[in-house]
Amino acid sequence: MTVHRNTRSWFAPLSIALTLQVILAAACGDALDPNEALSARLEPPDTAFLVGDSARVEAVVDYRSGPGQPETVAWAVSDSTVLELSVVALGAASVKGRTRGEAYVIAIINTTFRDSTEVSVADAGDVRWQAAIGAGTSTSGPALDTQGRVHVAHWGPERVTAFEPNGVVAHSVVGCVGGMSPSISDDNDVLVSGSDCLRQYGPTGELEWEVPFGAVDAGIAVASDGTVITVGGSPVVVVRISPGGIELQRDTLGPYFGSQGQAAAPVIAANGDVYVPWSERDGTGPNWLSRVGSDGTVLWTVPGIGWTHVASPALLADRVVTTGRGGNLAVYDTSGTNLWTRTWDTSPQGVSSPVIDADGNIYVQSQRALISYDRDGTLRWTSEDHDCQ
């Protein structure tokens, strides 16, 4: 018995040591592995485009340490007559619309996770989607960012709403009173002005800065260096704001008129000069076109055509093309000399900003017709010349 007790006493330390090793090994096995894959998904979750267009679909794995590229992906489509699929990179594929219809992109990610994204392919001219923007309405134009999102400013109450390419609301944030058409920076920041402020939102809708302005609804332009330029107020002023939301300059175009002046969104030339069409006293006074240098110097102000503030101008090489209410179109050179003016309608109708193609032909839309002139003012055609049913 004594030998037996001594034997047990001799083996006890070894037994304890082995037990500790087992416990430690189990503890190491239970440690959090930063490379452990928790979930996986496809981005974007769904999309839409036209026949012949392509879209990129990416597989993302949420590892314990954060999102990353998967090791392997097995790609497929639910209907190869609708979608053509090709692998373009690790964890990414390109799908091209073959015919009109809907199909799914399917992926097995890291042999463990499975996800799919719906793709709608439409023909040109199809209604791809329509979306309500709430109780408000808007006559300002939409803006597109590089991700294909559509940004709209609207009233009642004032908001800026972003729609995904498939029409799903991405986010909707408070805007400035009487919001004008948004502008998009190279970084997909969204800028919108109104009668009380100018705001910049980040790509996901977070407010980055606000500049109280007290301006008329004039719209904005963004220079190549990110400087924001807007116009308005009484007196009418051109205001330059840094990309970070700091007011840099305020240049007066006209005196105080007793009531607000009106101005269209400016247009910025390649050298940084700014052209602004504006009117006195809510458009009932004289109309003007001003050129402001990149250093803030007002270089010249010349008489403009009637109600010239209702639409932004366009640049045609060394010429400035402006439109005005009542079917007026006027072209100026960089010295402010009026090269030619055309009037196609004497009724007090609204008119669009001009659009210029690569050959210098000018297109403008009124409530009556779509009209095209060449760069020298010769009428090329009007939609009234054709039987549009």
Side-chain angles (χ1 to χ4, degrees), residues 141 143 181 183-186 218-232 236-240 248-249 251-254 261-279 286-344 351-366 370-382:
S181 298
S183 294
I184 310 296
S185 74
D186 292 339
I220 58 179
V222 182
S224 58
D225 64 355
T227 300
V228 181
I229 300 174
T230 189
V231 188
V236 177
V237 293
V238 177
V239 180
R240 296 170 185 262
L248 302 174
Q249 211 166 38
D251 308 309
T252 301
L253 300 182
Q262 294 282 343
V267 63
I268 305 173
N271 66 354
D273 289 354
V274 179
Y275 294 90
V276 184
W278 56 283
S279 301
N287 299 274
W288 307 99
L289 175 67
S290 293
R291 179 185 177 188
V292 181
S294 57
D295 61 353
T297 303
V298 180
L299 301 176
W300 47 256
T301 297
V302 297
I305 53 180
W307 285 72
T308 188
H309 67 278
V310 299
S312 298
L315 298 178
L316 172 58
D318 57 350
R319 301 181 179 189
V320 185
V321 183
T322 65
T323 54
R325 185 177 178 184
N328 294 304
L329 177 68
V331 176
Y332 301 82
D333 65 16
T334 54
S335 70
T337 300
N338 178 226
L339 301 179
W340 52 266
T341 301
R342 300 290 183 269
T343 300
W344 67 86
V351 67
S352 73
S353 295
V355 174
I356 303 170
D357 66 19
D359 297 323
N361 298 313
I362 302 168
Y363 305 83
V364 63
Q365 172 73 39
S366 73
L370 174 67
I371 302 100
S372 177
Y373 294 90
D374 67 18
R375 60 177 294 121
D376 297 318
T378 300
L379 179 65
R380 299 176 63 231
W381 52 261
T382 170

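All residue numbers refer to positions in the sequence shown, counting from 1.
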Distance in Å, [X] [atom1] paired with [Y] [atom2], rounded so as to fall on 0.5 Å steps:
X: Asp273; Y: Arg291; atom1: CG; atom2: CZ; value: 4.5 Å
X: Thr341; Y: Tyr332; atom1: OG1; atom2: OH; value: 6.0 Å
X: Ile220; Y: Ile229; atom1: CD1; atom2: CD1; value: 10.5 Å
X: Ile371; Y: Tyr363; atom1: CD1; atom2: OH; value: 12.5 Å
X: Ser372; Y: Leu379; atom1: OG; atom2: CG; value: 7.5 Å
X: Arg240; Y: Ser294; atom1: CZ; atom2: OG; value: 6.5 Å

Practice item. Please name all residues satisfying salt bridge (Lys or Arg N to Asp or Glu O under 4.0 Å) with Arg319, sequence neighbours left out, ordered by chain then number. Key: Asp376
Exercise for review: Report the residue from Leu339, Val355, Leu329 that forms a side-chain contact (heavy atoms from CB on, under 4.5 Å) with Val321.
Suggested key: Leu329
Pairwise side-chain contact, [X] with [Y], heavy-atom cut-off 4.5 Å (strictly under):
X: Val231; Y: Trp278; value: no
X: Pro313; Y: Thr322; value: yes
X: Val292; Y: Leu299; value: no
X: Thr337; Y: Trp300; value: no
X: Leu253; Y: Val298; value: yes
X: Trp381; Y: Leu370; value: yes

Point to revise | side chain to side chain contact (heavy atoms under 4.5 Å, CB included) between Val331 and Leu316, intermediate numbers included | key: CA-CA 9 Å; Val331 176; Leu316 172 58; 5.9 Å; no
Revision key, fill the gap. Residues passing the side-chain hydrogen bond (donor to acceptor under 3.5 Å, both in side chains) test with Asp359, sequence neighbours excluded, are none
Review point. Would one find more than 12 heavy atoms of other residues, nucleotides or ligands at under 6.0 Å from atom CG of Asp295?
Key: yes
Side-chain donor or acceptor of [X] paired with backbone N/O of [Y] under 3.5 Å:
X: Ser312; Y: Ser353; value: no
X: Thr323; Y: Ser352; value: yes
X: Asp333; Y: Asn338; value: no
X: Trp340; Y: Thr378; value: no

Check your understanding: What is the minimum heavy-atom distance between Leu315 and Ile356, and which atoms define it?
Key -> O-CD1, 3.6 Å
